Amino acid sequence: MTVDGVPNVRVCVEPVREGATVRAQNVLGSLDRDLLNVVDRIGGPFTPVGFYYRTMLRPRRLWPQYERVLRNLAGLGCLDKSGRRSGRYDVEHRRADVLVIGGGEAGVAAARAAAENSVGSVVLVDERAAPHIDGVETLAPARAIGFYEGGLVPVDAGNVLYRFRAGKVVVATGTVEQPLLFPGNDLVGVLLPQAVRRLVDDWALKPGDRGVIVSADGAGLDVVEQLRRAGVEIVEVVDLRESLPSTLAANGRRGRLESVTIEGRELACDLLVMSGGRQPAYSLLAQAGARVEYDARRGIFVPVDLPANVEAAGSVTETEPAAAPPPPSFDGGDAKGRCFVCICEDVTEKDVKRALAEGFDSLELAKRYTTVTMGPCQGRLCHLPSIRLYARETGSDEGAIGTTTARPPWAPVSLGLLAGRGLEPAKRTAIHHRHVELGATMMWTGAWRRPHSYGDAAGEARHVHEALGLIDVSTLGKLLVEGPDAAAFLELLYPNRFADMKVGRVRYGVLGSDAGRIMDDGTIGRIADDRFYVTTTSTGADTVIEWFDWWNAVWGMDVEVVNLTGALAAVNVAGPRSRELLGRLTDVDVSNEGIAYLDTKEAHVAGVPCLILRIGFVGELGYELHFASPYGEYLWDTLLERGKDLGIRPFGLEPQRILRLEKMHIIVGQDTDSESNVLEAGMPWIAKLDKDDFVGKWALEHVQARGFREQLVGFEMANGVVPAEGGQIVLDGRSAGRVTSARMSPHLGKAIGMAWVRPQLAVEDARIEIKVDGRLEAARVRLKPFFDPKGERLRA
Amino acid sequence: MTGLDFVSLDRAVAGDGFEPRLSSPLCRALEGSDRVLDLSFLGKIEVRGDVDAINGDLEVVRITPQRALVLCAPEEAAALRDRLPGMVIDMTAALAGLELHGVRTLRRLTDLDLDALPAVGRVADVPCLVLRNGDSFRLFFPQEYGHSVAEVVLDVLKGLE
Amino acid sequence: MRDIFRTRRMWRRRGELKPRYDVVVIGGGSHGLATAYYLAKNHGITNVAVLEKSYIGSGAAGRNTTIIRANYRTPEGAEFYRSSVELYEHLSLDLDFNLLFSQQGHLTLAHSDRAMITMAERAEVNQLLGIDSRLVYNDETARLCPELNLSDDVTWPILGALYHPPGGIIRHDAVVWGLARGADRRGVEIHPYTEVTGIERSNGRVTGVKTTRGEIACDTVISATAGWSTLIGDMAGVPLPITTHILQAFVTEPLKPFLHVIIVSSQMHVYISQTDRGEFLIGAEIEPYTTYRGTSTFPFLEYSARHTLELFPQLESAKVLRQWTGLCDISPDYSPILGLTEVDGFLISCGWGTYGFKAAPIVGTTLAELVATGRTPQLIAPFTLERFYTDTLVSELAAAAVSH
């Protein structure tokens, strides 16, 4: 049934709420006049197991239509297409000394004993209402979902998911009553004892007028009294432990029970209570690591060899024989009803026999072919009966067949509850809110939120060339490498050389993997003899830090690596007027002699101590300021305010990409992939192959020896069309390379880009063709930066 | 300037028309809420090396056998940096912090064992150091996640009302 | 039509092992059975035994998310999987067994501009090879999947998607059964519950295999054992650059048709489709740790549920019925390793990661051709084991250590 839009609710156990809307599901019309019945009716001979696999094969073009019909027949409840998140779920992490699952007699006794022995905190979880016990916290209605790694037991308590880790778990989940297999066992009016108890005790309903009881254990007989009290006339009671009828069948009309035939005697009735014995609900124990073994004496599977800290209590583990194993199925004589093994999945005894005869002769294969146990009851009612049937039909025994894996979750659990509050953490820079206030479009780069632009990417890029721009680069990874071996450590890590670097200088470095592949890039400044300041890409920071720590542990050098990524904010003040602005804010000499290109210096800027790095990712005179992050907003505000008359303007990530592309500066992960190396990426000067050793050296030597297979180059479009990033270079109709970056440069008035091409095309001015929107567009290869190829602007 | 002044909060200088001011990564998220206390400016000095040699009446949190975090009032940070043994790094700016009350609140934020604190684990899906004093908890986590964490904390508090 | 009411055995009962076969295939999954099937069908090589340590299809073939597609990043990969999709399209008729191949279309979502570049690259590579694959923006995505939450009010807003109309899902068990039946009818012997314990070699070539049911002599052994490939490789003295990780998935209870296209988000590590049975089948990215232990974890359910609801909030009340785990054999470049090894007569199909099931028929045809002719077919030449020694990797990874 569908309740308040939630599909597949078992209304027999769902408490009634005022105002709840209940609708029948998976019927056309009403339940009494269900049009889908027609399918069922003709389905008898018409849809044997495996039916779909053998039909609707020809003609192939009609299959999509067949499929649509199939899909519409499948499934149970309906989803509300316009449904939204309710936002009412939360997660709570709990610990307990003893966690008792199941609030029946045994569970209550176990909880009480634990509380009386004062073992610490005791929690009892029950699906229905559990009684109050002194010293025990009761969670009800609540359901253990499964038993997971590290002893995690998640509990579904409606709106809250409790994740329990307990010192000891007591499983008192009891048993599940098993149905009997006979023709007509799906008719309305055929019930298990538990359902009778619920109807009579909980809802004070009379389940029928005339009842027949067929039971393999005491449970079925126990309801006789209850039924009598409810006013049901008991027509016949069959105790299978005493007599085994040769035939048994239920007969009905329009899906409702009208009579039961036992050994040829037809007894009119509208209620048939059946009980095929009780199977211990061992799933949680099995998930916890218990072995499941067949107990031939009682005809059921029992959990054995429980792991430490897990106990079973009550009927889930009791050893007294309470039932005689019933026959796997009853012969129905000439009864017309179908004998169901699995009600959820509509699988009959005939289907199972057929599957076995076809060669699906192991339990796992037959399960997948017939789909027995794969429905919403998760095999509670069909697992044991189907194993009994396989055993009889294959002439083996239940013990040899064994069970299928008790896969979690033990109880169906909603995605909403599992998802919890569903907030994903995001990294924000210290200046984040200023960008939002300035109207920036924010975007993701890795886990960071960053400004794409402040509304005019092209204008912002041009402004950096012409006047003055300011960008928040706090997302850069920032590492301190300190200690007597600091220089030697970096020498080994990077292909670059650092030993000859003077204090106060900065160098561009590319980090390589042991296979010589480009991992990351950034700048390395020597700020003291034994102290280096290393920046990484925004998204590569965590990997690089791990990489540094890893090698530091391997080599055991006298070096400490400190992650300062979050501790420091950073901005880049860039453009021809940046020197003038910096001069207004600091006492140090900012002239070309005071702070030259690729110099680094510590100084107060607007009263805040900063590490100044003069570098030029965007191709203009510029200074990166790195400083303690809580000063982020202050320094950002001050720079904008004091630079107002110089025309200062913030710029986002998109303009920065245009600017760096004009300089042919790569972005790792965009212009490079997992196979790129510095040699083929056009940066041979990075790799100092004359060094004794560095990570990935052998691989780069190999690349040099084997020759280049592809090279990273720049290109300029002939007709000003900007190709897609990821676009293909085409040679003779086949791929001969790919575009990694492409932009219109507002400053140069050209469509430019970078691409990997075959070595024969990696020649200045070579003509290449790039596929753009299905057409081939001509371009020329460029090997030098598009803008300021000599770097005069940077050194100015 | 010497050393790593640019990492610390207490080396800024007012004057020449400049009035450096600090802002906490949590201030916007926590605006208008009095249920949690912002500890972001509390001094947090990391010590690497012989942490047993740390002496004096200090709050020392051991992270590993060779690493500790010393918590102090903001104005004590400078003096501590000078006198603590081993390699000393001022992590005040790196870690945002907040203080809140209630075991139930913490249970909804972290799977750490609240009876085995201090410990490092995940709080609101973010790496975090958690300290406990009775019913009161202090959390320290990367400042770049500060806003996210504060949002989740307030959401949890709302859910428990 | 009458045939469907007749009970016919799918395959013969398992018999005794013969002392000698021409070819022994280790692994009764989709690759092993497909190879045996095409050996018999295309080349008349029928003295073949398929050895399976459990029941057929018990490994990755029965645990994958059943997605078939060809929209790969590298030209080598795309060309290879294109052939596989073409074979799959005709496989039902070929096997006379309806595999319920539902070519409902496949949308790979992009939530960042970096992902958009990767999608564009794949679309361009695919189009050059004639594969129906293109970049679509949210207006078209909304038409293709009106149920998808395209609003900005989520953690990871959708910027665009790679649309691949021929992509589909299939009944994975049926593929296994159909191939097994086809192979069996052509004389191939299938031996379930027969575990290989050793591979015999002499002078650098294979001479036989040891099993839990006795020894077999043979000249050719093909390992199609996915997550267990390195163990089999070790038996043959062939070290493989493979690590084994687990991949998890779950299904919900069956619901009425709701979703008519396959949705993949690599940013959120989630694959979502609705099967013909009505279940939502939801899978994830491989777990980052290596293990052979196939237990399911709870955090997987939690993050997959969270991500699924970001895309489809309507599923909030849908219930998870079952979760499971499979083993994935991950290669360094996320491309497969296929064909000959340094040990004569020992052939491999491994390194599939999460892509193995999609390749079953093309692996079968090409490996069968290789066995029959002794020559490596052009289509699989880029995927030799040798490439790790010659540094000619075929990277399906867009960026270092980021899979898609």
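In what follows, every chain begins at residue 1, and chains take the letters A, B, ... in the order their sequences are listed. In this text the structure is predicted, and so the values were computed from the model without any measurement. Scope of the values below: all heavy atoms of this structure, side chains included, with no hydrogens, waters or symmetry mates.
The stretch residues 477-486 of chain A places A:L480, A:E482 near chain B, each with some heavy atom under 4.5 Å from a heavy atom of that chain.
Put simply, the side chain of A:Y631 gets close to the backbone of B:L9: a donor and an acceptor are under 3.5 Å apart.
With a 4.5 Å cut-off on side-chain heavy atoms, B:V7 and A:H626 do not count as touching. You'll find the side chain of B:P25 stays beyond 4.5 Å of the side chain of A:R428, heavy atoms only. Looking only at side-chain heavy atoms (C-beta outward), B:R107 and A:V91 stay at 4.5 Å or farther from each other.
Between A:E437 and B:R28 a salt bridge is recorded (basic side-chain N to carboxylate O distance below 4.0 Å). Look at A:E92 and B:R104 and you find a salt bridge, because one of the NZ, NE, NH1 or NH2 atoms lies within 4.0 Å of a carboxylate O, short of that distance. Salt bridge annotation for A:R421-B:D125: absent, with no cationic side-chain nitrogen under 4.0 angstrom from a carboxylate oxygen.
Only the side chain of A:T638 comes within contact range of chain B, with at least one heavy atom under 4.5 Å from a heavy atom of that chain. At a 4.5 Å heavy-atom cutoff, B:P142 makes no contact with chain A through either its backbone or its side chain. Residue contact with chain A, scored on non-hydrogen atoms closer than 4.5 Å, involves the backbone and the side chain of B:R11 alike. Looking at B:L106, neither its backbone nor its side chain comes within 4.5 Å of chain A, counting heavy atoms on both sides. Only the backbone of B:S8 comes within contact range of chain A, judged by heavy atoms closer than 4.5 Å.
Applying the salt bridge (charged side-chain N to carboxylate O under 4.0 Å, His left out) rule to pairs touching residues 114-123 of chain B yields B:D115-B:R132, sequence neighbours excluded.
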